[in-house]
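One structure is given below, encoded as structure tokens.
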Amino acid sequence: MFKRIRSDIQCILDRDPAARSKWEVLTCYPGLHAVVLHRLSHWFWTHGFKWLGRFTSMLTRWLTGIEIHPGAVIGERVFFDHAMGVVVGETAEIGDGCTIYQGVTLGGTSLYKGEKRHPTLGRDVVVSAGAKVLGGFVVGDGAKIGSNAVVIKPVPAGATAVGIPARIIPSKEGTSADVTGQPSKFSAYGITLEDDPLSLALKGLIDNATGQEHQIALLWQAIEKLSKVEKTADCVPEDAARKEQFEHEKLSQLVGK
């Protein structure tokens, strides 16, 4: 038991630059208190003391602001950072080394008892502030869930999920999308250096439309020059776009590029 607590304290020191000492973590971090008390409530739950497990869970909620159902399974070195308002459902599973921030819900979308209703987080998953992960699917090892994302489908290992509903930014070369080239570095709040895939798609359309308008303008200019050389009547219509008018920069800024 003491070995696990030491491991829990060390993982907080490794991931939170605000943590100054082991004593401070032990006495002032509700995330640590929630994990330790959950182990007690989970023991009650798995040994047939269901009410006592729920009662211990309720006391933990009052003390820490973190609600973890006693039936949930939590691995080693799990860090609930700030974590006020976190809700973890009965059939949720949280793998070793995960980090969960405030306002996160690991919830279910089914009302049927006895089935897997809540998500399973792999190892070293980061679930950012306000994210909702809903359903009995798997979030792969090393995946990141962006702040306020609503995830309703599986997330591949190493990928990052952002948006409502969440869209998947795949990993590159087998590493997480937000720590490419630095696989050993912890990424607070699951911040990604990659763009939202929807903004990437819109940016591609904007670039394509800009290129097409440029080519059309060049064609009309060439036709106008040929008309003058051949000394024929101007065959360029009055409404022909001889100059580019597409607002590339403005639209790019709107989609965040």
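Thr60 places a side-chain N or O within donor-acceptor distance of the main-chain N or O of Thr56, the cut-off being under 3.5 Å. A donor-acceptor contact shorter than 3.5 Å is absent between the side chain of Ser7 and the backbone of Lys3. In this structure, the side chain of His118 does not engage the main chain of Glu93 through any donor-acceptor pair within 3.5 Å. Of the possible polar contacts, one joining the His47 side chain to the Trp43 backbone as a donor-acceptor pair under 3.5 Å is found. Of the possible polar contacts, one joining the Lys132 side chain to the Gly103 backbone as a donor-acceptor pair under 3.5 Å is found.
Shortest non-hydrogen contact noted between Arg117 and Thr91 is N-OG1, 3.0 Å. Between Ile66 and Ala34, the shortest heavy-atom contact is CD1-CB, 3.7 Å. The two residues Val139 and Ala143 have their closest heavy-atom pair at CG1-CB, 3.6 Å. Closest approach of Lys144 and Asp124 over heavy atoms only: NZ-O, 4.2 Å. Residues Leu13 and Ala19 share a closest heavy-atom pair of CD2-CB, 3.8 Å. Pairing each heavy atom of Ser41 with each of Ser57, the nearest pair is CB-N, 4.1 Å.
Here ring-ring contact (aromatic ring centres under 6.0 Å, His included) pairs that include residues 57-78, with residues two or more places apart or in two chains, are Trp45-His69.
In this structure, Gln102 CD and Ser128 OG are separated by 9.5 Å, a value rounded to the nearest 0.5 Å. In this structure, CZ in Arg39 is found 4.0 Å from CG in Asp8, a value given to the nearest 0.5 Å. One finds the CD atom of Glu67 at 4.0 Å from the CZ atom of Arg61 (value rounded to the nearest 0.5 Å). Rounding to the nearest 0.5 Å places CD of Gln10 at 11.0 Å from CZ of Arg77. Within the model, atoms CD1 of Ile12 and CG of Leu32 stand 4.5 Å from one another, a figure rounded to the nearest 0.5 Å. Between the CD1 atom of Ile68 and the NE2 atom of His38 there is a distance of 6.0 Å, given to the nearest 0.5 Å.
Side-chain contact between Tyr101 and Val126 is present, with at least one heavy-atom pair separated by less than 4.5 Å. When side chains are defined from C-beta on, Arg15 does not count as touching Asp81, because their heavy atoms never get closer than 4.5 Å. In this structure, Leu37 and Leu63 have side chains that are in contact, with non-hydrogen atoms separated by less than 4.5 Å. Between Tyr29 and Phe79 there is a side-chain heavy-atom pair separated by less than 4.5 Å. Phe80 places a side-chain heavy atom less than 4.5 Å from the side chain of Ile74.
Note on Ile168 and Val151: same hydrophobic cluster, where clusters join Ile, Leu, Val, Met, Phe, Trp and Tyr whose side-chain heavy atoms are under 4.5 Å apart, directly or indirectly. Residues Leu106 and Val78 are members of one and the same hydrophobic cluster, defined by side-chain heavy-atom contacts under 4.5 angstrom among Ile, Leu, Val, Met, Phe, Trp and Tyr. Hydrophobic clustering (ILVMFWY, side-chain heavy atoms < 4.5 Å, transitive): Val125 and Val138 are in distinct clusters. Note on Val150: it does not cluster hydrophobically with Val87, by side-chain heavy-atom contacts below 4.5 Å among ILVMFWY residues. A continuous path of Ile, Leu, Val, Met, Phe, Trp and Tyr side chains, each step under 4.5 Å between heavy atoms, connects Leu59 with Phe49, placing both in one hydrophobic cluster.
Under a cut-off of 6.0 angstrom, the local environment of CD1 in Ile152 is sparse, with at most 12 non-hydrogen atoms contributed by other residues, nucleotides or ligands. The number of heavy atoms from other shown groups lying within 6.0 Å of NZ (Lys50) is above 12. Environment of CE in Met84: sparse, with no more than 12 heavy atoms of neighbouring residues, nucleotides or ligands closer than 6.0 Å.
Taking 4.0 Å as the cut-off between side-chain N and carboxylate O, Asp96 and Arg123 count as a salt-bridged pair.
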Derivation and outcome, side chain to side chain contact (heavy atoms under 4.5 Å, CB included), residues Val133 and Val155 = CA-CA 10 Å; Val133 188; Val155 180; over 6 Å; no
